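Computed over heavy atoms, backbone and side chain alike; hydrogens, waters and symmetry mates excluded. Model, not experiment: these values are computed from the prediction. Naming: A, B, ... by sequence-line order, numbering from 1 per chain.
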Amino acid sequence: MTKKAFIKVMLKEEVLDPQGKAVLSVLKSSGYNNVKDVRVGKYIEIDMEDGKSGSLENEAEEISEKVLSNPLIEEFSIEIK
Amino acid sequence: MTKKAFIKVMLKEEVLDPQGKAVLSVLKSSGYNNVKDVRVGKYIEIDMEDGKSGSLENEAEEISEKVLSNPLIEEFSIEIK
Amino acid sequence: MNKTKRSTEKLFGLSVEEYEKISELLGHEPDGFELGIFSAMWSEHCSYKSSKVYLKTLPTEGGKVLIGPGENAGVVDFGDGDVLVFKMESHNHPSFIEPFQGSATGVGGIMRDIFTMGARPVANLNSLRFGSFSHPRTPYYLSEVVKGIGFYGNCMGVPTVGGEVVFDECYNDNILVNAFTIGIAKKDGIFLSSKCEVGNIVVYVGSATGMDGIHGATMASEEFDLKKNKKRSTVQVGDPFTEKLLLEACLEAMEKKLIVSIQDMGAAGLTSSSFEMADKSGKGMLIDLDAIPLRTAGMTPVEMMLSESQERMLIACEKEKLDELKAVFDKWGLNCVKAGEVIKEKVIKFYYNSKIYKTLDVDVIVNGPEYKRPVKKPEYLKEITPVKIDNYKIPENLNDIAVKIITHPNIASKRKVFTQYDYTIGTATVVPPGFSAAVLRVNGNKGFLLNAGGNSKYTYLNPFTGGALAVTECARNITACGGYPAAITDCLNFASPEDPEIMWQFASAVEGVKSAAVKLNTPVISGNVSFYNETAKKDGDKTYVSKIYPTPVIGMLGFIEDVNKALTPCFKDEGDEIYLLGSFKGELGGSLYMELAYGDFRQKPADLNLDYEVRLQNCLRSLIEKGFLKSAADVSEGGIFTALAENAITNPEKILGFAVDYDIKAHGLRIDEFLFSEFEQAFIVTMDKELSGRRESGIAVILKEYGIKLEKIGAVKKNIMKINGIIDLKSGKIKEGYYSVI
Amino acid sequence: MNNKNIKAGITVFPGSNCDADVYRVLNAVFGVNASFIWHKDKIKDLKKYDFIVIPGGFSYGDYLRSGALAARSPIMELVKDYAVKGGITLGICNGFQILLEAGLLGGVMLANDSLKFECKDVYLKTLNTDTPFTCAVKKNSVLKMPIAHHDGNYFATGSIIGGLNKKNGIIFKYCDEKGQITAGSNPNGSLHNIAGISNETGNVMGLMPHPERSSEKILGSEDGGWIFKSMIKYVKEK
Ligand SMILES: Nc1ncnc2c1ncn2[C@@H]1O[C@H](COP(=O)(O)OP(=O)(O)O)[C@@H](O)[C@H]1O
Ligand SMILES: [Mg+2]
């Protein structure tokens, strides 16, 4: 059966997010003054075939940790549907 | 009151996703053979001050459409918490 | 079908007459598939139906030209067994719709044209036109287009070494993105699309086919599901990473002699590549649509045929070599599938669902209409007369105007643009962007020069002069570096050819290009025509059509034997003497000065003397080759003031200035005519003070030989800019302004 | 220069694009016997090479994060093994990013603070001339080299920086023409103006600017050549 893993990768809070900053300044200069902060991350959808039960979660975890994110600066969260 | 808008921006289904394709090929060659497809999008968190009630949703919608996404190739979804 | 009811949309952009012609040729009304193919192949873009008669008049042979127009790109002999392959192409409309992807895929497309020929791309240029600098959308277009170009070229590892960025109101609704690529190949390693042999396997390589770029055609087709459309996108998305792999795979397969013939899939993708390959080879093909790798399941045959998905190629290979070919593409992780066969009969037979789906005659499809459309001299040209300068009072403060000119977005440095392009990759860039022509070395000290540009305002004011000027201006830039202009490619951007006045502009501009190309002996080896650069607009109740100025853009290649002898236009040392080489007319028609000082540039620009131009450039080159000069620069937009100021502030090591005194009375000029008249047939050159003493001997001989005048006008100084006691500015300030506008 | 007895390996990933430049410069300018190592080459180890260069480019299109996907490719296991055993390994630009992502060097590369690709000449102050990559460079000298990258904004935690400082692992910093390390001379926002660092044992270096594009006078600078000359000198004297 095919399942979907949804993985969100965001920069850690203490890491400066230049892209977020740039978006923020664009928004402010466009008059969206109530916008206080912007953070930009990645959203990854993976279609996976479910082999043995339970293994899918582990695998998504492993992929997220080893490939999709850089633990030095990023953190991730996974949802499987 | 400050609220958070979470915006997911993904390429439309039929648009080529070069990033997803490259990640897929690396995952496969790393032995994750049950991975069938990968799509990479953006995830944006916005801190907003809530002015008049209701306006926040509209504003997030407007920002997503005009600034955060390119309606020609991308679609977005919003969650407000 | 009821003819009167047939909407233009239904006709896929074909005219009623064309539709009827097609019905006649087929013997029946075309179905959706046929109509799709015809609409693509008979489109202006693919068939050149309005421009062909004029393009035929261009000089395409001579000099070092090996292959002229007709292939994916032209080929020039570079000696020592090497050839250079280049072309320029427009991607205007896609870039207006989606500037990042549009410009990126424009760059990707032109590079494919080059490596299809067997050449490794070694440099890119681009010519960009945006709306007025103060237009609210301009910053968006500028930043996205530049990002897109950099994204694709940088990832491919091809340096982007030059180009131009121009802002003008006339591009508010139609930006222009023209991309140029040059590649290098072995003389015996050139691949063509015309070499298919009966029995060859037709192979599809590269990315899968998706819904990208399927525009009006399928919109109007019965087969198109409008509800599905919401989710769909027809924008072509570029994947430079895949193209880099495609480049390496193709060159490897070529090196291993696994390819007989090859054609990239550009506009009208599979349709034009298959029909053109078949046509040029005088053969036919079987095409198995079931074999085409699809990104989107369930695409219909016509969608497959019209898709403009990027990073794909069609190859003909010998049967026995198919496996080896597959192995190469497999190494690079790319699709490589057998999609058909070359046959003798000049038809294309399409298979779909394992059955013959359609058979189309190659000649019928390929030999589209050819028009000599009506021409009419534009009304507005009646008002364009030479400047009557006495009607214009000299402004109080010419210093202010000088500053306005040097900080005008069309003059000011484009550094913030070209630093977003990798221009040093390839270890070949000897003179980087930011001067005039780019100089690249190939092996040892041998090199070539590149330049691209054109002036649409002048073309609008005098289409013939504008066309000629685009060529001479590129040549001036190349000659001023010490190079020999060798060949050109042209990208002709115009509004609708169905408007006789536009067609007149086109005809005259091509005539101008032709005249200059003939005189300068720079044959046209490739090019592109982009029509319909116009948009219907509504302003309140009024509707009007916003049209671009006629914009012929030239890309020029020049040669230089020793890149160490290449000259840059910037001043070198304090104390050097400044001279004016050539003639000076001082006509202000069309100049930026007229626009900024009087709000009126609609006057006739000075005529060009092409015979004089050739002598002047040859004279300059001789002086450079003999080592007499330390810098040389042409007098282009912004006039002599701008040329002097740029020469003073673009030296990478120091800030220089100048003190110039010119006897304007003796030359019968007004001071503003001297300062700001543009595109003079003259160069500003500098010489070492000591050296100029030897004028009597070497220099005088050369001047006499070509009949060219050389006048001393001043000296290089430190940090001051003075002209005739009227212009008095500080170099530091000017430099700051020059580099901070864009 | 004849250094034919020195063997250099240049890794090639899908999307590498400075490989040919490094190859040409090592062979044609410095006379080294340099050859390519394709990422899928079936080899056991890299022992036969005197040094390895991971060249710049856009490996795997730099998709996801620059260098991330290449760092996970099998050849990097061999590079890690080589480096851990003391093999001289230089990563240039994208090669630097790959070394970071592979964990051979500490820290990460963020997008330039301009959020733009930046191509221009920069000046580098050499802080440590006691490494295989700088042993021929004169102390405190200022080198001119071009950068060409989108993600050169070096970032690391305090403990990583502390470690680098302790081991003299910060080899190059961006500076002005006169050697002053100023904010104005930082082209990408990198932490402490860092342009090049090494690992604890000093045998692995990552460098953002391109020495291969500045090893010949005709290209405007020969300063990058000092990096290769150092590596050659080091190998010869070893
Ligand atoms: N303005 C022009 N001047 C010279 N040659 C041209 C011009 N426009 C098109 N051509 C030539 O016509 C041929 C077809 O052009 P085009 O359809 O743009 O090629 P492609 O399909 O390879 O992109 C090419 O050989 C091109 O160089
Ligand atoms: Mg082509």
Side-chain angles (χ1 to χ4, degrees), chain B residues 5-48 51 55 57-80, chain C residues 94-102 104-105 108 137 140 144 147-148 151-152 155 206-215 218 225 228-246 293-299 303 307-312 330 332-335:
Chain B
F6 299 91
I7 297 150
K8 198 172 85 183
V9 180
M10 302 297 289
L11 284 168
K12 287 185 188 170
E13 206 179 285
E14 284 170 4
V15 174
L16 174 72
D17 176 10
Q19 256 198 110
K21 234 175 60 181
V23 174
L24 175 66
S25 88
V26 168
L27 289 180
K28 289 219 158 162
S29 71
S30 309
Y32 298 106
N33 287 317
N34 54 338
V35 173
K36 297 297 158 210
D37 197 18
V38 179
R39 309 281 292 172
V40 180
K42 274 181 293 200
Y43 197 83
I44 301 134
E45 295 183 9
I46 306 187
D47 293 356
M48 298 171 95
S55 72
E57 276 77 5
N58 293 340
E59 208 164 326
E61 179 93 19
E62 197 179 302
I63 289 174
S64 302
E65 198 177 318
K66 288 201 183 148
V67 181
L68 302 178
S69 76
N70 178 343
L72 273 177
I73 48 174
E74 292 168 328
E75 48 196 11
F76 60 86
S77 61
I78 305 175
E79 219 183 318
I80 295 190
Chain C
S95 302
F96 186 67
I97 304 287
E98 213 307 292
F100 178 85
Q101 294 294 349
T105 52
R137 295 286 281 171
Y140 162 73
E144 290 294 300
K147 237 192 268 171
F151 167 71
Y152 215 107
C155 184
S207 290
T209 296
M211 292 296 292
D212 324 25
I214 305 175
H215 291 286
T218 27
D225 181 348
K228 236 160 86 193
N229 186 35
K230 275 238 154 68
K231 285 234 155 212
R232 291 205 153 161
S233 163
T234 58
V235 171
Q236 309 154 36
V237 171
D239 181 1
F241 169 57
T242 296
E243 178 135 314
K244 167 74 172 153
L245 304 181
L246 189 62
L294 297 183
R295 201 175 72 232
T296 300
M299 283 176 71
E303 287 170 342
S307 161
E308 295 191 350
S309 287
Q310 302 290 298
E311 296 96 22
R312 304 178 299 161
D330 192 49
W332 293 96
L334 295 169
N335 286 313

Over all heavy atoms of both residues, which pair between C:Arg295 and B:Val15 is shortest? Give the atoms and the distance, please. NH2-C, 3.8 Å
In this structure, CG of B:Asn70 is separated from CD of C:Glu144 (nearest 0.5 Å) by 8.5 Å
First locate atom CG of B:Leu16, then atom OG1 of C:Thr209, and finally report the distance between them rounded to the nearest 0.5 Å. 11.0 Å
What do you reckon, is NZ of B:Lys66 surrounded by more than 12 foreign heavy atoms closer than 6.0 Å? no
For B:Glu14 against C:Met211, the heavy-atom pair lying closest together: OE1-CG, 3.6 Å
Top contributor to chain B interface from C:Thr242, C:Ile97, C:Val237 [non-hydrogen pairs under 4.5 Å]: C:Val237
Heavy-atom nearest pair, C:Gly238 first then B:Pro18, reads O-CG, 3.8 Å
